[in-house]
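Nothing here was measured: the structure is a model prediction, and the numbers come from that model.
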Amino acid sequence: MLLGKKRKLGREIKEMSVGEKLALTEKVEDKEILLYLGLTDDANPLFIQHDYASQTPFKKPIVPSIMLTGMITSAISKYLPGPGSHIVSQDIQFPKPVYHYATVQLLLEVVEVNQEDHTVMITVVGTNEKEEAVITGKVKVCPPYHLGGMDGHVLDNF
């Protein structure tokens, strides 16, 4: 239990501004793909079976789109705005496939800060090694809230 312990939270909305950027590099390895497929019980042959994928327009297995979305949500949870954030909505496109062992460069940018709504809009662009866009979209995020002091009502939800 974390009662009384300091928690590192991300930045509050009042600390955020339009134009902030975060750049990350993610490499997709087989172990992550296999872990995802095992956890979700996803048996799509396009993701893992070379014999099947070779007969499709993709020519080889591709990375599941939801795994790429996970890279984005992880970046939001860890860094921009950081721990305590909540994704309210997302609109993400995958214009080109991402293949196993690919390196994806992610660029997230804050394009709107809405104090009244307590949300920030973040654009996302992911590119592959050839600098082709493989991910584009927008994510609406609720940054962490300012925490007050501990009083008797804090424990009501336990």
Joint cluster assignment, Val134 & Ile66, ILVMFWY side-chain distance < 4.5 Å: yes

Gln115 and Asp117 side chains, donor-acceptor separation under 3.5 Å: no

Residues that, via side-chain heavy atoms closer than 4.5 angstrom, fall in one hydrophobic cluster with Leu39: Leu35

Thr127 and Val125: CA distance, side-chain angles, deciding distance, side-chain contact (heavy atoms from CB on, under 4.5 Å) verdict: CA-CA 7 Å; Thr127 56; Val125 176; 4.2 Å; yes

Within 6.0 angstrom of Glu131 CD, more than 12 heavy atoms from elsewhere: no

Ser77 side-chain N/O to Thr73 backbone N/O, donor-acceptor pair under 3.5 Å: yes

Check: Tyr52 main-chain N/O paired with Thr56 side-chain donor or acceptor under 3.5 Å: no

Contact list for residues 68-100, test ring pair (Phe, Tyr, Trp, His ring centres under 6.0 Å), sequence neighbours left out: none

Cys142 SG to Ile76 CD1 distance, which is reported to the nearest 0.5 Å: 12.0 Å

ring-ring contact (aromatic ring centres under 6.0 Å, His included) involving Tyr36 - partner list, sequence neighbours excluded: none

Residue pair Leu107, Val124: steps toward the side-chain contact (heavy atoms from CB on, under 4.5 Å) verdict: CA-CA 6 Å; Leu107 178 63; Val124 180; over 6 Å; no

Pro143 backbone acceptor or donor facing His118 side chain under 3.5 Å: yes

Side-chain H-bond candidate by donor/acceptor type, Glu109 with Thr123, under 3.5 Å: no

Reported CD1-to-CG distance for the pair Ile135 and Asn128, which is rounded to 0.5 angstrom: 10.0 Å

Salt bridge (charged side-chain N to carboxylate O under 4.0 Å, His left out) against Glu12, all qualifying residues, sequence neighbours excluded: Lys14

Inter-residue atom distance Met16.CE - Ile122.CD1, 0.5 Å rounding: 5.5 Å

Under 4.5 Å side-chain linkage, directly or through intermediates, the cluster mates of Val111: Met121

Backbone N/O of Lys138 and side chain of Gln90: donor-acceptor pair under 3.5 Å: no

Backbone N/O of Tyr101 and side chain of Lys27: donor-acceptor pair under 3.5 Å: yes

Criterion side-chain contact (heavy atoms from CB on, under 4.5 Å) on Ile33 and Met67, from CA distance to verdict: CA-CA 8 Å; Ile33 295 168; Met67 280 188 65; 4.0 Å; yes

Salt bridge (charged side-chain N to carboxylate O under 4.0 Å, His left out) involving Glu26 - partner list, sequence neighbours excluded: none

